[in-house]
Amino acid sequence: MKETRNGHGDTLVCATAADGRIRCMAAVTTDIVAEAARRHRTSHTVSAALGRTLTGTLLLGAGQKEFDRLTVQIECDGPVGGITAETNARGQVRGYVRNPEADAPLNAAGKFDVGAVVGGGMFYVTYESGFRIGLYREPYRGAVPIASGEIGEDFAYYLAKSEQIPSAVALGVLVRARESGETFVEAAGGLMIQVMPGADSATVAAVERAVSHNPHTTTLIREGARPVDMLRSALGDVPFEVLEEREVGFACTCSYERAASLVSSIEAGELEAMLREDRGAALTCHFCNETYRIDEPSLAGMVEKSRNGRA
Ligand code: ZN
């Protein structure tokens, strides 16, 4: 995995506190968000919106063991139009937005106005499982209205309403512009603290107090904080035990082979038209914006196969 400037790749930590009644996850996702912004050429505000969604999806997945694929979909009426992020149990994440170039003026605090580019709508979470054992179980799907469009609050609202898990969620992306106008992700990451049933109210109050006094996530990351440091800062005096630390990264499942197989399944007449008019085919993956070009000889081969198959 690629190393960041301070010598660490993106990582995620899962921890537990209060005899397992509090689940905590924290992640540094600077490389992931930079990669997503570069691939999708997102505006500053959309980089923040997509980056927060990718980070929140990773953290949500880290708190759950029983899934193969977790998808967060934000269907919204703001200029970004929609955000989709998907993660697997191995800590790989990918995602995209409908309108990468959408933007909004800075908010009253002089920050990128993520809430304004998102607007109102619905927040969907889908857990799919059973892929590896060949038993595709009925997916679990939860939906709540968008709370603020600031993403962190939306994850917290979803957890409280749909999974009945009161949570504190902080997601941050620090985006800068180079002189060329190009977006530069300086720091990204987040944390998620989930209160499970049975936690005593004194612990919950201590966690709430500590989290509300916690410095901004991206400030800590920019200063070199690792996920464990972020949890220590957020939890204050509440002791916690680290269960797992793992590498996380932006990864997509697309490939030339998959693109070619998709094109070869197109009906023969249409393939012939593509060969005649475009002398090839091009397919772009939504999730990572990679374009696969099927050249003229390969496409001609597919037409041939398709004709033979039909005869
Ligand atoms: Zn892809």
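A donor atom on one side chain and an acceptor atom on the other are found under 3.5 Å apart for R226 and T11. Judged by distance alone, the side chains of T218 and H216 do bring a donor and an acceptor atom under 3.5 Å apart. Using modelled atom types and a 3.5 Å distance limit, the side chains of T29 and T55 yield a donor-acceptor pair. Remark: the Y124 side chain and the E75 side chain contain no N/O donor-acceptor pair separated by less than 3.5 Å.
Of the inter-residue distances, the one linking E35 atom CD with T30 atom OG1 reads 13.0 Å to the nearest 0.5 angstrom. Considering OG of S201 and CD of E208, their distance stands at 10.0 Å, rounded to 0.5 Å. To the nearest 0.5 Å, atom OG1 of residue T45 and atom CG of residue D103 are 3.5 Å apart. Rounding to the nearest 0.5 angstrom, the gap separating the CZ atom in F240 from the OG1 atom in T16 is 11.0 Å. With rounding to the nearest 0.5 Å, the separation of OG in S148 from CD in E153 is 3.5 Å. Note that the OG1 atom of T53 and the CG atom of L171 stand 8.0 Å from one another [nearest 0.5 Å].
Between R41 and P100 the shortest side-chain heavy-atom distance does not fall below 4.5 Å. Residues I74 and D154 form no side-chain contact, since every pair of their non-hydrogen atoms from C-beta on lies 4.5 Å or further apart. At least one side-chain heavy atom of V263 sits under 4.5 Å from a side-chain heavy atom of L271. L159 has its side chain within reach of L60: a pair of non-hydrogen atoms, C-beta onward, lies under 4.5 Å apart. Between E86 and T84, the closest side-chain pair of non-hydrogen atoms is not below 4.5 Å. Counting heavy atoms from C-beta outward, M192 and R23 have side chains that stay 4.5 Å or more apart. Using a 4.5 Å heavy-atom cutoff, the side chains of F123 and V72 are in contact. Between S162 and Y140, some side-chain heavy-atom pair lies under the 4.5 Å cut-off.
Under the 3.5 Å distance criterion, the side-chain polar atoms of S167 are matched with a main-chain donor or acceptor of I165. Of the possible polar contacts, none joining the N88 side chain to the R69 backbone as a donor-acceptor pair under 3.5 Å is found. Judged by distance alone, with hydrogens and angles left aside, the side-chain atoms of R98 form a donor-acceptor pair with the main-chain N or O of G81 at under 3.5 Å. When atom types are taken as modelled, the side chain of D113 and the backbone of L106 share no donor-acceptor pair closer than 3.5 angstrom. Between the D278 side chain and the A281 main chain, no donor and acceptor come within less than 3.5 Å of each other. Distance alone, capped at 3.5 Å, is enough to place a donor-acceptor pair between the N107 side chain and the A109 backbone. A donor-acceptor distance shorter than 3.5 angstrom exists from the side chain of D10 to the backbone of D31, with no hydrogens or angles considered. In this structure, E290 contributes its side chain and C285 its backbone to no donor-acceptor pair below 3.5 Å. Between the side chain of S43 and the backbone N or O of A102 there is at least one donor-acceptor pair closer than 3.5 Å. Side-chain atoms of Q164 come within 3.5 Å of backbone N or O of K161 as a donor-acceptor pair.
What you find for R141 and T126 is that their closest heavy atoms are NE-OG1, 3.3 Å. V117 approaches A49 most closely through the heavy-atom pair CG2-CB, 4.4 Å. For the pair F250 and R39, the tightest heavy-atom approach, listed with the atom from each and the gap, is CE2-CD, 3.7 Å. Taking each heavy atom of A27 and I221 in turn, the nearest pair found is O-CD1, 4.4 Å.
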Please step through side-chain contact (heavy atoms from CB on, under 4.5 Å) for the pair V118 and I151, ending with a clear verdict. CA-CA 9 Å; V118 172; I151 315 294; 4.1 Å; yes
Pair S233, L220 - check side-chain contact (heavy atoms from CB on, under 4.5 Å), show working. CA-CA 9 Å; S233 161; L220 291 174; 3.7 Å; yes
As a quick check of understanding, evaluate side-chain contact (heavy atoms from CB on, under 4.5 Å) for I146 and M122, giving each step before the final call. CA-CA 5 Å; I146 289 172; M122 290 298 289; 5.6 Å; no
Mind running side-chain contact (heavy atoms from CB on, under 4.5 Å) on R52 and E150 for me, showing each step along the way? CA-CA 9 Å; R52 289 182 195 176; E150 291 289 334; 3.0 Å; yes
Using atom types as modelled, flag every donor-acceptor pair under 3.5 Å from a side chain in residues 251-260 to any protein atom, sequence neighbours excluded.
residue: T253; atom: OG1; partner: R94; partner atom: NH1; Å: 3.1
residue: S255; atom: OG; partner: R258; partner atom: N; Å: 3.1

Please set out all donor-acceptor pairs under 3.5 angstrom arising from side-chain atoms of residues 291-304, sequence neighbours excluded.
residue: T291; atom: OG1; partner: T284; partner atom: OG1; Å: 2.8
residue: D295; atom: OD1; partner: S298; partner atom: N; Å: 3.0
residue: D295; atom: OD1; partner: S298; partner atom: OG; Å: 2.6
residue: E296; atom: OE2; partner: R279; partner atom: NH1; Å: 3.2

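With a 6.0 Å radius and a threshold of 12 heavy atoms from other residues, nucleotides or ligands, R246 has its CZ atom above the threshold. Counting heavy atoms of neighbouring residues, nucleotides and ligands inside a 6.0 Å radius, atom CG of D77 exceeds 12 of them.
Between Y96 and F287, the angle of the ring planes goes over 60°, which puts this pair in the perpendicular group of the 30/60° scheme.
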